[in-house]
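What follows is a single structure, written as structure tokens, with notes after it.
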Amino acid sequence: MKYPNVKGTRDFAPDILAKRKYILNIIESVFKKYGFLALETPALEQLDTLTGKYGDEGDKLLFKVLNSGDFASKVDDNIWSSKQSENIAKFISEKGLRYDLTVPLARFVATNRNDITFPFKRYQMQPVWRADRPQRGRYREFWQCDADILGSNTLINEAEILTIAVEIFKKLNIPIQISLNNRKILEAIAEKLGISEKFNLFTVLIDKLDKINFVDLSKDFENIGLSKDKIAELSKILSTQYFNKESINIILESLNNNANAQKGCDELLEILSFISLIEKFDANIKIDLSLARGLDYYTGCIIEIKCSTAKMGSIAGGGRYDNLTGVFGLPGVSGIGISFGIDRIYDIMEEMQLFNDVKTTDTKIVLCQFDKKGQLYNFKIAAMLRENGISCEVYPDLKKINKQLEYAEKKGIEYVIISGEEEINSQILSVKNLKSRIQEKIDVKNIISYFK
RNA sequence: GUGAUUGUAGCUCAGUUGGUUAGAGCGCUUGAUUGUGGUUCAAGAAGUCGCGGGUUCGAGUCCCGUCUUUCACCCCA
């Protein structure tokens, strides 16, 4: 431990990376199947691009990068001597590591609007960085896999995003619980309670309700200006258990048929009706009015997905944002997207032992030998195998045969070819399956077809 | 960012009120076995006790700082 990793960052050894790639490949294949195209953006963005999009807390978690050159000498003495880090930072840092993939996407779309065919469907799988305190399932460098659709308002997009998520987790064998809500309903509730100006604080409290019960939070609600009566009213609205026409009417009634609420409810119903068209769609979807999500840019439907059997935060999340490109000078382009957190997905799959079938190597055969002559022979055979698309390796050292077999065994390679004088003279190879421990004699002429 | 917590061999962990040369299991290397790996047996190698400083005759053990881990806040994938 002489050179520990930076806090919250990890190395991915080959066996770990193989499993991560397994997850990434499944996600990517589903994204592609739905018509999304790949995009990559730089790790670094201008700080102006990043700040102000994630809420105050989000801004604090941005990693900032020092300017190049002799930046210190250019800073005003008064600023330096103020010793206020935040203040000084503005003068010595103008770049930062990206915090998510959605804001860079919005920047990209706004900048390249003339070259993009809308609706723009892009996927992106890259690391992001947050200066958070690490914990289980929480890292400072982690990967997000996003799929977003920009420039289309219709709710078929929401429905497709949901089906993508269901398909991915089905393929990964992770049992999930999907929570759905609409920010418009939350806005209507805040309106009705007379705390629209404190909407963000309100959503933060709402979001805690799955952890802390209503009674324990009531003091916090009082602090943002809610009377006891109004808290009781809020409690009644949020206690709606089933989302159907009847319960919606009750909600709407208690909100005086607020137009925003009506729209939010209609949207949720339409999404559900889309999904009901798919026959074999068995997903655990619940409408949860206490789902809020912290990111400031969401305006419509919001989605959060958790593993229903693991003690872990959300493993995917997303929603609709109506005006994110607007802050980059391109108003009127609505977007919807979802983000999968593959580090958490990995942790859960490791716990559930879902990686049993994942191979760490593509090598199918290790060619072993007893002496130099055997190795030369193997080198020739290996070239022939590779030419025919069979991935193999020649054991590079002249160690004892049991060491060579152990090597293949440990790497999870299925076959070995053992070459000695006998094999070279007869042109008949000894092929051993390490799993079944069965050894066969195969004529060199037939070796390709044997492995194909 | 606030408050806790962790670190001893490659891995999992012992290590007494501070006291000789810091241990175990697994793994690793070698041999039993010079044409065949999952068992067995035997032998062996391996540690600046996270790092830096301090207290002490003496520190793995006590104190301070720092890095890392985990946890609760905060927030989120």
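Each chain gets a letter, A, B and so on, in the order its sequence line appears, and its residues count up from 1.
- B/U69 and B/A4 have their C1' atoms separated by 13 Å, with the value rounded to a whole Å.
- Straight-line distance from the CG atom of A/Asp347 to the P atom of B/C71: 10 Å, rounded to whole Å.
- Within the nucleic acid shown, A/Lys208 comes within 4.0 Å of sugar-phosphate atoms alone, with no base atom in reach, counting heavy atoms only.
- A/Gly137 comes within contact range of at least one nucleobase, with a heavy-atom separation under 4.0 Å.
- Heavy atoms of A/Val128 sit nowhere under 4.0 angstrom from any nucleic acid atom.
- Per the geometry, OH belonging to A/Tyr407 stands 14 Å off P belonging to B/U29, to the nearest Å.
- Looking at A/Lys399 and A/Glu406, no side-chain N of the basic residue comes within less than 4.0 Å of a carboxylate O on the acidic one, giving no salt bridge.
- Backbone-only contact: A/Ala316 has heavy atoms under 4.0 Å from sugar-phosphate atoms and none from a base.
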Practice task
Please assess A/Gln404 against A/Val366 for the test side-chain contact (heavy atoms from CB on, under 4.5 Å), listing each intermediate value before the final yes or no.
Solution key: CA-CA 8 Å; A/Gln404 303 184 39; A/Val366 176; 5.8 Å; no
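- The C1' atoms of B/U56 and B/C75 are separated by 46 Å, rounded to the nearest whole Å.
- Residues A/Tyr395 and A/Asn378 form no side-chain contact, since every pair of their non-hydrogen atoms from C-beta on lies 4.5 Å or further apart.
- Put simply, the side chain of A/Gln404 and the base of B/U36 share no donor and acceptor less than 3.5 Å apart.
- Proximity of A/Lys400 to the phosphate of B/U33: no side-chain N or O atom is located under 4.0 Å from OP1 or OP2.
- Using a 4.0 Å heavy-atom criterion, one finds that A/Ile418 contacts the bases of the nucleic acid, with or without backbone contacts as well.
- If you take CG of A/Asp220 and P of B/C75, they are 10 Å apart, rounded to a whole angstrom.
- With both ends at atom P, the span from B/C13 to B/G50 equals 15 Å, rounded to whole Å.
- Backbone-only contact: A/Gly8 has heavy atoms under 4.0 Å from sugar-phosphate atoms and none from a base.
- Taking the P atom of each, B/A45 and B/U36 are spaced 29 Å apart, rounded to whole Å.
- For B/G35, neither phosphate oxygen OP1 nor OP2 lies less than 4.0 angstrom from any side-chain nitrogen or oxygen of A/Lys403.
- B/U61 sits 9 Å from B/C49 when the P atoms are compared, rounded to a whole Å.
- If you take CG of A/Asp371 and C1' of B/G35, they are 11 Å apart, rounded to a whole angstrom.
- Atom name P, nucleotides B/A14 and B/C67: the rounded distance is 26 Å, in whole Å.
- In this structure, CD of A/Gln369 is placed 14 Å from C1' of B/U36, rounded to the nearest angstrom.
- A donor-acceptor contact closer than 3.5 angstrom is absent between the side chains of A/Tyr298 and A/Asn181.
- In this structure, A/Leu405 and A/Glu57 both approach RNA chain B, and ranking their closest nucleotides by distance from the 5' end singles out A/Leu405.
- Among the protein residues, A/Asn5 comes within range of the sugar-phosphate backbone only, with heavy atoms under 4.0 Å from sugar or phosphate atoms but none that close to a base.
- Across all strands shown, A/Gln135 has heavy atoms under 4.0 Å from base atoms, whether or not it also approaches the sugar-phosphate.
- A donor-acceptor contact under 3.5 angstrom links the side-chain atoms of A/Lys432 to the base of B/U36.
- Side-chain contact between A/Leu101 and A/Ser339 is absent, with no heavy atoms from C-beta onward closer than 4.5 Å.
- Counting only N and O atoms by type, the side chains of A/Ser391 and A/Asp362 include no donor and acceptor under 3.5 Å apart.
- In this structure, A/Lys7 reaches the sugar-phosphate backbone alone: every heavy-atom distance under 4.0 Å involves primed, P, OP1 or OP2 atoms, never a base.
- Near-neighbour residues of RNA chain B inside residues 157-169 of chain A, defined by a heavy atom below 4.0 Å, are absent.
- Atoms CD1 (A/Ile413) and C1' (B/G38) sit 16 Å apart, rounded to a whole Å.
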Practice task
Under the side-chain contact (heavy atoms from CB on, under 4.5 Å) rule, what do A/Ile448 and A/Leu385 come out as? Steps first, then yes or no, please.
Solution key: CA-CA 7 Å; A/Ile448 301 300; A/Leu385 288 165; 3.9 Å; yes
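- If you check every strand for non-hydrogen atoms under 4.0 Å, A/Ile342 touches nothing.
- Results of the side chain to side chain contact (heavy atoms under 4.5 Å, CB included) test with A/Tyr346 over A/Leu24, A/Ile23, A/Leu354 single out A/Ile23 as the only residue that passes.
- Taking the C1' atom of each, B/G1 and B/G19 are spaced 44 Å apart, rounded to whole Å.
- Within 4.0 Å of A/Glu423, counting heavy atoms only, lies at least one base atom of the nucleic acid.
- Counting only N and O atoms by type, the side chains of A/Lys411 and A/Tyr407 include a donor and acceptor under 3.5 Å apart.
- The A/Arg130 side chain lies nearest to B/C76 when the options are B/U70, B/C76, B/G38.
- Salt-bridge annotation for A/Lys170 and A/Glu167: absent, with no side-chain N of the basic residue lying under 4.0 Å from a carboxylate O of the acidic one.
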Completion exercise
Here RNA chain B, pairs taken as Watson-Crick or G-U under 3.5 Å and shown with ( ), [ ] when crossing and | when to another strand, reads ((((..(..((((.....[...)))).(((((.......))))).....(((((..]....))))))..))))....
Exercise for the section: Check step by step if side-chain contact (heavy atoms from CB on, under 4.5 Å) holds for A/Glu414 and A/Asn433. Expected result: CA-CA 6 Å; A/Glu414 206 173 345; A/Asn433 183 317; 3.8 Å; yes
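- Comparing B/G23 with B/G44, their P atoms sit 15 Å apart, to the nearest whole Å.
- A/Lys399 places its NZ atom 18 Å from the C1' atom of B/G35, with the value rounded to the nearest Å.
- You'll find the side chain of A/Asp371 stays beyond 4.5 Å of the side chain of A/Tyr377, heavy atoms only.
- Between the CD1 atom of A/Ile27 and the C1' atom of B/A77 there is a distance of 11 Å, given to the nearest Å.
- Remark: ring of A/Phe142 stacked against base of B/A77; centroid gap under 5.5 Å, plane tilt under 30°.
- Salt-bridge check for A/Glu422 with A/Lys441: passed, with a basic side-chain N closer than 4.0 Å to an acidic carboxylate O.
- Place A/Ser314 and A/Gly420 on RNA chain B by their nearest nucleotides, and A/Gly420 ends up nearer the 5' end.
- Counting heavy atoms from C-beta outward, A/Leu61 and A/Tyr54 have side chains that stay 4.5 Å or more apart.
- The listed nucleotides are B/G35, B/U68, B/C71; the one nearest the side chain of A/Ser430 is B/G35.
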Taking only N/O atoms, report every protein-nucleotides 1-4 of chain B pair under 3.5 Å with atom names and distance.
| unit_1 | atom_1 | unit_2 | atom_2 | d |
| --- | --- | --- | --- | --- |
| B/U2 | O4 | A/Arg133 | NH1 | 2.6 |
| B/G3 | O6 | A/Arg133 | NH1 | 3.0 |

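- At least one side-chain heavy atom of A/Asp343 sits less than 4.5 Å from a side-chain heavy atom of A/Trp143.
- Contact annotation for A/Tyr139: base contact, defined as any heavy-atom pair under 4.0 Å involving a base atom.
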